[in-house]
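Reading through the structure tokens given below for one structure.
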Amino acid sequence: MNVRENLGTDAGIITLQEQLLNDILGDGNWKVGNRFRGINLIEKRLCCKRVFLILDDVDDSTRIENLLGKCNWFASKSRVIITLRDRHWLAALKEKVCTTYKVKEFKVEQLNKQEALQLFKEHAFPRNKPHDEDYSKLATKFVDFADGLPLALEIIARDLCGKAKDEWESALDMYSKIPNKEIQKILRVSYDGLNDTEKDIFLDIACFFKGWYKDYVVKILDACELYPSSGIPRLVNKCLIVVDQYGRLSMHDLIQQMGKEVVRQQAPKILGKRSRLYCYKDSLEVLTRNKGSKKIRGIMLHSPQPVEVQLHTEAFKRMENLKFLIVENVHICKPLKFLPNNLILLKWPDYPFHWPSEYFPEQLVAIEMPRNCIRLPKLINQECRLENLKDVNLERCEFITKLPKLRAPNLENLDLAFCKNLVEIDEYFGSLEKLKRWNLAHCRKLQFLPSQLRLKSLKYFCLTSCSGLENLPSFHSEMGCLEILYLGESGIRELPSSIEHLTKLETLSLDKCENLQYLPDSIYKLQQLRILDTTTTKLRPTCNSIDISSGYGFVKMKPLDLLMKLDYFPALEMIDLSETNIVTIPKNISRLPRLESLLISNCKLLCEIQGLPQSIRTVLAENCMLLDSQSPSGLLNQVIEIIGIFPNRVCGSARSNKLMDLQFSNYLPSEAEGAEYEDGGISMDQQLSIYFPNETEGAESKDGGRSMDPQFSNYFPSETEGIEYEHGDIAHTLHVPGTEIPKWFNHQSAENSILFWVGCKFPKLAVCIALGPDEAHKRFYDCYVYISINGHKTREYGYFRPSENNYNHLFLFSPCQWLLQQHLIESNPTDQNCVEVTYITCFAHYDVEPNPCIEPLNPTLIKRWGVHVECTCPQESVIPNLPLLTTGHDDDDVVDYWRELTFYGSDDKEEYQSPLVLDDTSISCMSWLVEPTTKLFKLFCFCSPRNFS
């Protein structure tokens, strides 16, 4: 029942009440007269029946009360599914309507690619009409366009049904440029329910700020008096936007397209009368032909490739209400004569001129102008008081030599990294009370900082590679907020004793400070210091200078002379001994209860690690060629013991009584159901019996009810829920020299895919990868490890980048077990679940975030790999390892396994040869039956369309 569309009037309520009674009671003669009588009839007639009711698109809790009353009359085991566009109403439903029953909340996920493709083909190719490869490729492109949204998939597929391929190609191009009206109409319902400020926030995000950090955008929109602190959560509740785990704003592409279409419809033919210009072509036309107007609120001029153009020098003169100006990849030839004084955000990297002389940036909140030619003294001489300014990014600005007094009392972030000619910073910047982040990295000529820093809010301060800086300022006692201080590769000669005032300092980097000889004793007062990175300095510890009972201490250190003084560092989390001459790591590090990371790469004399603590998570031992790694007391065995892996427990040790997935249970008739061996095992006949139709299939239960459709099974508690894991279940990583995968990795392969089966509880898993010889590493590669369960959404579980020293090394990692279990729960689990582990390698890209891409791969990069898991794979399965037949198929292909089978053997004693044995590249516990029986032959004949005669 669609609540929003049909419950707006009394007539609509009465119609739905009558429909509810007639559909459930089945006689078709119910008339309720008015909604109050309808509520009474529904309660009286349906209170003894188990009801399964779906209320779609609920936008007000009172609508449900008008339809069903107080909702306290449902019989036991009834189920009511309510869909909402706004999560805000969920709380109201719990408090006002559903107070009697347990309410479970579920977020409707987007379809994965395989599900989306199946839905699309059902509507585009009715009755499974055959289609060629070209149609399949186009279908995949439409699925990518819809990005898992069922509404869009159905509408587009129905529109394309029965049309020629050239029409499909034309439609694909059209949909990307011109939104489908039917899709837009449905998506716009949520937008139309917003108030005016919320609409402005949504349109600003859709046109300009998708992918930006929420906190940054909040500052911008706050200055526009849009109240984003309340507006953005409202958009999230209405599922119009998403704030991801990194705090970035995101939205579905089709919802973004809907927002942009709203803006376009403001003035379809006149660009200058739209509120926002986001398309490069449209923005360029307005700015080169001076077509702007006061209606324009924001402009984004973002060229896909660097381009040189000449904007009209007075292009912005008519845009007195312009708030956002974002220009990227565009180089102009002549300076602008005018910029609007109401600008709040100015983002223009590589701007080659100074600001117009008549521009007063009093409203600016954020300046993003790296690599520009701005001269700060000229700006400061204008005597502007920049009360609103909070973020300044002027990195790599070569014309900045001195940072003069800047009247910006609310400044929060200041980035001047790589300003290679900056020498001096004014005393004013030593007392900015709201400054949180200050980056001066690689300002190699910098010599003079404020004499004292009294920055009450500063959390991050970076002076890395300031090689000309010899003296640090003193730290005021109010500098208690500073958490990270980077001084590596700077020219400082000493740390001031006032460093003791940095009471919340967690990270102190002094790496390669060649002029720094000693650290002051006051450093021991930094009880929350977690990372101390120093290679050339010495500590002079005194037993009375640190309070060990406080539970704090340093967690990263490098000087070897500290290794034997671990009692001073009770909270140690990381030890970095890389590139040192250490021979033995003593056993006393195993007494460190918080140690998580041990970095010992390129310790070429290291022979032995005498013990590791149970808290260890990462050990990087690259290029430690003398290190014993695979002996019983070696590093590898120490790590797997900590992980909790038992090499002797492998395939079948966790086997379920049901050997095969229930998805095949309807295929074959049983001949000897229930027969068992004396040892409790299941005979072949019994194993095959689950492949035949059950006479009771579809029968109702004793109480007259019918079992729930499997598609709803994930919405209610399952057997896998409630499984608990040991406290502190974490991932583990190990890099160690080696060439052979240990034999106890029970699934091994030279290909990039391994499959196995698990029960309803996912066991501990370890992956080991053997890297190839030196010639494989002429370029850097990224390697990603993915896991898919029951063919559902593939997730990334491991990533590493082999370096030039990684050849003939082993990479071992073990994912968090609770993450694997959660993945299993979300993958329609049964008693037997098929798990596929794959890896992907690609050339590393340093200019973007690591991302698998399609490029030629070096086949010798990974020599072999393996998985250790206590799986439930049958030792001698009567059914072949069917998923192995997917080799050569794309992830989204629907594979007919039985068409792919080649039959081997018969009832005579002719020798049987498994096709897997012919290519001995894999070790798997999923073996083939050596002598198929007549029943197996019948199984193949029954399931396969091939003619075996």
Side-chain angles (χ1 to χ4, degrees), residues 395 400-403 414-427 429-430 438-455 458 460-476 479 482-502 505-526 529-542 545 554-563 565 568-569 574-582 599 602:
E395 67 172 40
I400 298 178
T401 58
K402 179 180 178 180
L403 193 61
L414 178 58
D415 192 344
L416 297 167
F418 293 92
C419 290
K420 63 181 184 180
N421 293 313
L422 178 62
V423 176
E424 182 180 358
I425 294 177
D426 189 85
E427 288 286 336
F429 288 89
W438 194 0
N439 186 6
L440 292 166
H442 298 274
C443 294
R444 300 188 183 276
K445 293 184 179 181
L446 180 62
Q447 297 180 23
F448 304 105
L449 290 173
S451 58
Q452 186 184 58
L453 296 183
R454 189 177 182 176
L455 305 170
L458 191 66
Y460 175 95
F461 191 25
C462 182
L463 291 165
T464 299
S465 295
C466 292
S467 52
L469 184 66
E470 296 185 354
N471 299 308
L472 280 180
S474 63
F475 299 104
H476 193 273
M479 285 280 292
L482 190 63
E483 297 175 356
I484 299 174
L485 178 58
Y486 287 129
L487 301 171
E489 300 185 48
S490 66
I492 60 170
R493 296 186 176 275
E494 63 177 350
L495 288 180
S497 59
S498 59
I499 197 172
E500 67 184 13
H501 297 314
L502 308 181
L505 192 66
E506 295 183 359
T507 299
L508 175 59
S509 175
L510 299 166
D511 190 39
K512 297 181 181 178
C513 291
E514 304 294 341
N515 297 331
L516 183 63
Q517 297 300 316
Y518 290 96
L519 299 181
D521 289 342
S522 59
I523 198 170
Y524 284 102
K525 296 183 180 181
L526 304 180
L529 192 64
R530 298 177 56 249
I531 297 177
L532 172 61
D533 188 358
T534 174
T535 56
T536 59
T537 60
K538 294 183 179 180
L539 289 172
R540 296 171 289 190
T542 305
S545 63
F554 307 135
V555 299
K556 181 182 177 184
M557 61 183 186
K558 213 153 186 180
L560 293 177
D561 59 336
L562 297 181
L563 190 57
K565 301 174 182 178
Y568 285 96
F569 313 106
M574 178 187 293
I575 297 178
D576 186 352
L577 300 170
S578 301
E579 301 182 14
T580 62
N581 293 326
I582 190 168
L599 311 182
N602 298 307

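Below, all heavy atoms of this structure are taken into account, side chains as well, without hydrogens, waters or symmetry copies. Being a predicted model, the structure only gives us computed values, none of them experimental.
When every heavy atom of Asp426 is checked against every heavy atom of Pro450, the shortest pair comes out as O-CG, 3.5 Å. Between Trp438 and Leu453, the shortest heavy-atom contact is CZ3-CD2, 4.3 Å. In this structure, Cys513 and Leu487 approach most closely via the heavy-atom pair SG-O, 3.1 Å. Pairing each heavy atom of Leu449 with each of Leu446, the nearest pair is CD2-CD2, 4.0 Å. The minimum heavy-atom distance between Leu485 and Phe475, with the atom names listed, is CD2-CZ, 4.3 Å. Among all heavy-atom pairs drawn from Leu422 and Leu403, the shortest one is CD1-N, 3.9 Å.
Checked against Arg493 for a side chain to side chain contact (heavy atoms under 4.5 Å, CB included), the options Leu472, Asn515, Leu516 give a single hit: Asn515.
Of the inter-residue distances, the one linking Arg444 atom CZ with Ser490 atom OG reads 11.0 Å to the nearest 0.5 angstrom. Here CG of Asn471 is found 10.5 Å from CD of Gln447. Values are rounded to the nearest 0.5 Å. Taking OG1 from Thr507 and CD1 from Ile484, the interatomic distance works out to 5.0 Å, rounded to the nearest 0.5 Å. The distance from atom CG of Leu469 to atom SG of Cys443, rounded to the nearest 0.5 Å, is 10.0 Å. Atom OG1 of Thr464 and atom CG of Asn439 lie 8.0 Å apart (nearest 0.5 Å). In this structure, NZ in Lys512 is found 9.5 Å from OG in Ser465, a value given to the nearest 0.5 Å.
Residues satisfying the salt bridge (charged side-chain N to carboxylate O under 4.0 Å, His left out) test with Lys445, not counting sequence neighbours, are none. Residues passing the side chain to side chain donor-acceptor pair (under 3.5 Å) test with Glu500, sequence neighbours excluded: Lys525. Here Gln452 pairs with Ser474, His476 under the side chain to side chain contact (heavy atoms under 4.5 Å, CB included) rule; sequence neighbours left out. With sequence neighbours excluded, the residues forming a ring-ring contact (aromatic ring centres under 6.0 Å, His included) with Tyr486 are Tyr460, listed by chain and number. Residues forming a ring-ring contact (aromatic ring centres under 6.0 Å, His included) with His442 (at least two apart in sequence, or on another chain): Phe418. Scanning for side chain to side chain contact (heavy atoms under 4.5 Å, CB included) contacts around Glu424 gives Lys402, Phe448, with sequence neighbours left out.
Leu455 is listed as a side-chain neighbour of Met479, based on a closest heavy-atom distance under 4.5 Å. At least one side-chain heavy atom of Phe461 sits less than 4.5 Å from a side-chain heavy atom of Leu440. Side chains of Ile492 and Leu510 form a contact here, defined as non-hydrogen atoms less than 4.5 Å apart. Contact annotation: the side chain of Asn602 never approaches that of Ser578 to less than 4.5 Å [non-hydrogen atoms, C-beta and beyond].
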